[in-house]
Amino acid sequence: MLKSKRILLALFSLALFVTSCKEDEDVKPGNTLTARAGADQNVNAGDIVTLDGSASTDSENKPFDYRWTFIKKPTGSTAALSSATMSKPTFKTDLPGEYEVELTTSNANGESKDKILITATVIQPIVLDANIAAKTTLEDRIDNPEVPDYIANGNVSVNAELTLKPGVVIAFARDARLEVNDNGGILLAKGDSTKLIRLIGKETKKGFWAGVIFRSSSSANALEYVQVLHAGSKVLFSGRKAGMAIAGSSKAEVSIKNSLFEQNDGYGLWIERGVILSSFAKNTFKGNTEAGILLDADNVAKLDVNSSFTNGNGRNVVEIFASQLSKNITAEVIWQGFKDKTPYRVLEGLTVDANWKISPGVVIEMSEGARMSIDEGYINAIGTQTAKIVIKGAENKPAYWRGLICYTTSVNNIFEHVEITGGGSTALVSGKKVNIAVYGSQARMQIKNSKISGSGGYGVYVNYQASVNEDIETVNTFADNVEGKVLRE
């Protein structure tokens, strides 16, 4: 009897247990989700990959959330998902190797996981022909701007029209150069802000390849959003090392906009006299061994205020080799200041035959022993109290450069709110050391509200045939001129 009771109690307990389990299942239903991350993909390094989890399901057709996470990436990769919670996020394969991504779908019914493997391989660059003799277009083959689309294992001569599409990267071998020749050679290199065109060394270090030389006089030549890096391994043109040289003997013509000249062993850009800059805007020069740019006086007025020349160059100046500012009968030639406050630096000397206007705030540095001569036209330098025009030695030393001489009779020869200092290193004219000489028949200059200092001789010398304003000594400041303020003959 006791045994029977025990059996009945056990059966009753079992019944309660089974009933309890069924009640729990009703409260917490089973997982109805299936995550599907898509098929594995093989892509090129630098490609944009689109993940697709839209085939994921819930058997009860209930909405669910997506969550994507990287399980594995190549060492050094900084790849990131455009969104971790969308059904179709994207990411860029910035390095070759394997990218494993896990998808988790989840809702109140539970969660489900699936993985996808993306294998990124490097496309081998195409070797460029040494002679571009027919119309050629180079396409962007690899999305990663650190990986070259093309390799130049030696000098490349462009003797036909060559177009570089946005995003093209060309890597040059040791001492190789790109030559855009006259009589057929044209370079059309127009990138954009998101897809730069890059001309770089096979090894990304300063002075690895020789650089680019333009001899082409075609008005079609254009560089926009182009980077010229790592050049200057040897002399490129006319005894100079540079990232790019533009030859004046063939009256080469080119437009340069939004471009970068960086990490070149020499100048960033070297422009010879006779070159035609059809446009020049918003270019950047930094990290070059010499100055960012070296050019002739006639092309200075083409430079725009928004270009930057002061950022880690050997000399943060716009360098102007000894040249002539040619006569321009139709307009004034205006030298502007730059937003980054870069000064001009004149090497050896500057001869002016133009109607030359210097804008407020401009700084002109003269190299040791250099001379400035106004032979025709005029010099019109009118600054303001807050934006003075400065003409001084490249080193702030007294008697460092020779001085400025004005031979012309124009009423537009005016200095106002100008600081001129450091002239008189040697005799400028008639055995006189001076900062400013006004010399010759009917030569004239008006000088007001200016400071004239640091001359190795007189501040101003006026010969008997020339004239200056009568109040020159009282309306200007003179300081530290060895022989005195003004000498009038």
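Small disclaimer: the values here were computed from a predicted structure and weren't measured. The figures here come from the full heavy-atom set of this structure, side chains too, leaving out hydrogens, waters and symmetry mates.
Aromatic pair Y378/W356: ring centres not closer than 6.0 Å. A ring-centre distance under 6.0 Å is not found for F309 and Y344.
Listed by chain and residue number, K206, D265 satisfy the side-chain contact (heavy atoms from CB on, under 4.5 Å) test with T289 (two or more places apart in sequence, or in another chain). For E262, the side-chain contact (heavy atoms from CB on, under 4.5 Å) partners at least two apart in sequence or on another chain are L229, L260, K286. Every residue was checked against the side-chain contact (heavy atoms from CB on, under 4.5 Å) condition with A130, not counting sequence neighbours, and none meets it. For I71, the side-chain contact (heavy atoms from CB on, under 4.5 Å) partners at least two apart in sequence or on another chain are T69, E100, E102.
We find that E179 and R177 are joined by a salt bridge, their nearest charged nitrogen and carboxylate oxygen being less than 4.0 Å apart. Salt bridge absent: K392 and E419 never bring a charged side-chain N and a carboxylate O closer than 4.0 Å.
Between K92 and V49, every side-chain heavy-atom pair lies at or beyond the 4.5 Å cut-off.
No side-chain donor from either of S87 and S54 sits under 3.5 Å from a side-chain acceptor of the other. With hydrogens and angles left out, the side-chain atoms of S217 and D182 include a donor and acceptor closer than 3.5 Å.
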Please report, to 0.1 Å, the donor-acceptor pairs under 3.5 Å made by any side chain of residues 189-199, with sequence neighbours excluded.
residue	atom	partner	partner atom	Å
D192	OD1	T194	N	2.9
D192	OD1	T194	OG1	2.8
D192	OD1	K195	N	2.7
K195	NZ	D140	OD2	2.7
R198	NE	Q227	OE1	2.8
R198	NH1	P145	O	2.8

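Screening residues 192-226 for ring pair (Phe, Tyr, Trp, His ring centres under 6.0 Å), with sequence neighbours left out, gives F172-W209.
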